[in-house]
Amino acid sequence: MSDEMDIAEPLRLARERIDGACRKVGRDPAEVEIVGVTKTHGPDVVRDAWEAGIRIFGENRVQEAAWKIPACVSGPEWHLIGHLQRNKVRHALELFSVIHSVDSLRLLDQIERVADESGHRPEILLEVNVSGEASKDGLAPEQVPEVVEYALGCRNVTLTGLMTMAPFAADAEQARPFFGRLRCLRDEWERAFGIGLPRLSMGMSNDYVVAVEEGATWVRLGTVLFGHRPKWRPQAEERWEP
Ligand SMILES: *Cc1c(COP(=O)(O)O)cnc(C)c1O
């Protein structure tokens, strides 16, 4: 069961906290957009969130998005925020206009090749593992310059920024150094390559206020907007193979 009010109020609160964080550090709140993370939720939640004013939605699995997105209201911008396997790139480009999670040169190369054939013009972010945690996806900072260099030679893919995930911590303040580090690395690579990397995708339900204070432009919010995720039940429609 879903009711539009269930989303409107948490959305209003999240927006208020984002705007407050912007004021605190002298940023323009218009620079920060919410990506509603609807993984495991159905098309009804997407519809309610769309009606409440969310315009960008994030999914982390191509198979799940493949049945869900066609069943959703049209209008939203769909972003892939989870790890992408190279054999799913073709399908991902049909579903998503932005990929936050480009984490290897081989994946970038595959996206560029497939986009060249299919005529898609994806926007991408490079996922950077700033914490160095072995369990996290993402490029090590020292691997990034080579990938940026490659992206600059791509004709179909446009690199617009960086994404990271902070290690989970009960206290959001513990995430601050990682977000600050991503912003500093961004500034460094903008100077080194003479390019703009305006997008910073960082901050989730537990740490988005700190992320905004540190420069996030896309915050990826699931639980804080939609409540706890239902346990994942594979759907018949989901049995999709590339
Ligand atoms: C699930 C997910 C989110 C949202 O997480 P919440 O804590 O529910 O806000 C954000 N980013 C990524 C990459 C995710 O997989």
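First listed ligand is number 1; within each ligand, the first listed atom is number 1. Numbers for residues simply follow the sequence, beginning at 1.
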| Is a salt bridge present between Lys68 and Glu59, judged by a nitrogen-to-oxygen distance below 4.0 Å? | yes
| message | Considering only residues two or more places apart or on different chains, which pairs with a residue in residues 106-116 satisfy salt bridge (charged side-chain N to carboxylate O under 4.0 Å, His left out)? | response | Asp109-Arg113, Asp116-Arg155
| request: Output the set of protein residues with a heavy-atom contact under 4.0 Å to ligand 1, ordered first by chain identifier and then by residue number. | output: Val37, Lys39, Ile81, Met165, Met204, Ser205, Arg220, Leu221, Gly222, Thr223, Arg229
| message | Centroid separation under 6.0 Å, is that true for the rings of Trp78 and Phe96? | response | no
| How does the hydrophobic cluster around Val37 look, that is, which other residues are in it when side-chain heavy atoms under 4.5 Å mark a link? | Ile81
| Main-chain N/O of Val210 paired with Asp207 side-chain donor or acceptor, under 3.5 Å | no
| query | Can you list every side chain to side chain donor-acceptor pair (under 3.5 Å) pair that touches residues 191-205, not counting sequence neighbours? | reply | His100-Ser201, Glu123-Arg199, Ser201-Arg220
